[in-house]
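To start, the structure itself, in structure tokens.
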Amino acid sequence: MSRKKDGEISRGLKKYLKAISEIEAEKGIVRVSDIANKLNVSMSSVSSSLRKLSSMGYVNYEKHFFVRFTVKGKSLADRLHYNFTILYRFLVDILKVDEATARQQADEICTDTYDVVVQKIDHYLRSNPW
């Protein structure tokens, strides 16, 4: 059963937003080639996804220009980063998963986990010293 509702962004497109955010934080500017390298996909796949994200109002993208977030896109990317951070901390600090595995797993599940679940995990982490 799909959790995606009409008008919601797909898991795959969320991964693009997360990658754009990480590249932007590292390099300051985001190119199609940077995204392709980070996600290990073709530049044509990136262009196609960027056109979708642009039409949905998450990024400003025109061929041969840098990719930039809209306010809506930055908000969602920040939320995905928050989800990743909380899930990563939970996996490492509470479940004692090694950092490399925790990073990979948190990256996979941060796009699918409901915000209310992440908030409860965050509350647990803040309330329970270990």
Side-chain angles (χ1 to χ4, degrees):
M1 174 186 261
S2 175
R3 291 183 355 197
K4 187 176 160 230
K5 298 174 191 163
D6 289 337
E8 287 186 6
I9 187 169
S10 71
R11 180 178 198 258
L13 291 178
K14 285 179 183 177
K15 286 184 173 267
Y16 276 88
L17 290 177
K18 187 172 175 297
I20 293 165
S21 180
E22 291 168 357
I23 295 165
E24 184 181 70
E26 179 184 328
K27 295 184 174 185
I29 57 171
V30 182
R31 295 178 176 93
V32 170
S33 60
D34 296 326
I35 301 167
N37 290 334
K38 182 158 191 71
L39 295 176
N40 197 28
V41 297
S42 71
M43 288 183 33
S44 63
S45 292
V46 173
S47 294
S48 175
S49 293
L50 289 174
R51 283 191 298 276
K52 288 178 191 172
L53 288 168
S54 180
S55 72
M56 296 170 81
Y58 289 101
V59 298
N60 291 318
Y61 166 71
E62 292 182 38
K63 195 172 182 178
H64 305 296
F65 289 95
F66 301 120
V67 179
R68 299 200 193 296
F69 281 118
T70 62
V71 172
K72 177 181 174 181
K74 182 66 173 153
S75 176
L76 180 53
D78 288 348
R79 194 175 90 220
L80 293 170
H81 177 75
Y82 167 79
N83 289 358
F84 169 83
T85 302
I86 298 305
L87 292 164
Y88 174 80
R89 283 188 48 225
F90 181 76
L91 292 168
V92 171
D93 296 343
I94 304 301
L95 300 182
K96 306 300 183 199
V97 174
D98 69 272
E99 290 184 10
T101 302
R103 185 172 290 104
Q104 183 178 14
Q105 190 64 61
D107 191 47
E108 285 296 315
I109 62 179
C110 74
T111 56
D112 285 335
T113 306
Y114 292 121
D115 290 342
V116 66
V117 173
V118 174
Q119 290 166 359
K120 288 183 181 282
I121 292 170
D122 188 20
H123 177 73
Y124 177 83
L125 291 171
R126 291 175 191 269
S127 302
N128 296 290
W130 48 92

Is a donor on one side and an acceptor on the other found under 3.5 Å between the side chain of [X] and the backbone of [Y]?
X    : Y    : answer
D122 : V118 : no
S55  : K52  : yes
K14  : T111 : yes
D34  : R31  : yes

Do [X] and [Y] have side chains that approach each other closer than 4.5 Å (heavy atoms only, starting at C-beta)?
X    : Y    : result
H81  : K18  : no
F69  : S21  : yes
V59  : V30  : no
D115 : R79  : yes
N83  : I109 : no
K96  : L91  : no
Y16  : V41  : yes

Could you pull out the closest heavy-atom pair between [X] and [Y], with the gap in Å?
X    : Y   : result
C110 : L87 : CA-CD1, 3.6 Å
L17  : A77 : O-CB, 4.1 Å
V32  : S47 : CG1-OG, 4.1 Å

[atom1]/[X] to [atom2]/[Y] distance, rounded to the nearest 0.5 angstrom?
X    : Y    : atom1 : atom2 : answer
K120 : L125 : NZ    : CG    : 13.5 Å
R51  : Y61  : CZ    : OH    : 6.0 Å
I35  : K15  : CD1   : NZ    : 14.5 Å
S54  : N60  : OG    : CG    : 6.5 Å
R89  : L95  : CZ    : CG    : 12.5 Å
K74  : E24  : NZ    : CD    : 5.0 Å

Could you give me the CA-CA distance, side-chain angles and deciding distance for I9 and M56, then say whether side-chain contact (heavy atoms from CB on, under 4.5 Å) is met?
CA-CA 8 Å; I9 187 169; M56 296 170 81; 4.2 Å; yes
Treating Ile, Leu, Val, Met, Phe, Trp and Tyr as nodes and any side-chain heavy-atom pair under 4.5 angstrom as an edge, say whether [X] and [Y] lie in one connected cluster.
X   : Y    : result
I86 : Y114 : yes
V46 : F66  : no
F90 : V92  : no
F84 : Y124 : no
L76 : V67  : yes

Please tell me whether [X] and [Y] have a donor and an acceptor in their side chains that are separated by less than 3.5 angstrom.
X    : Y   : answer
D107 : Y88 : no
S45  : S42 : yes
T101 : D98 : yes

For K72, look at atom NZ and say whether over 12 heavy atoms of other residues, nucleotides or ligands are found less than 6.0 Å away.
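Enclosed: over 12 neighbouring heavy atoms sit under 6.0 Å from NZ of K72.
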I would like to know whether R103 and E108 meet salt bridge (charged side-chain N to carboxylate O under 4.0 Å, His left out); could you show each step before the answer?
CA-CA 9 Å; R103 185 172 290 104; E108 285 296 315; over 6 Å; no
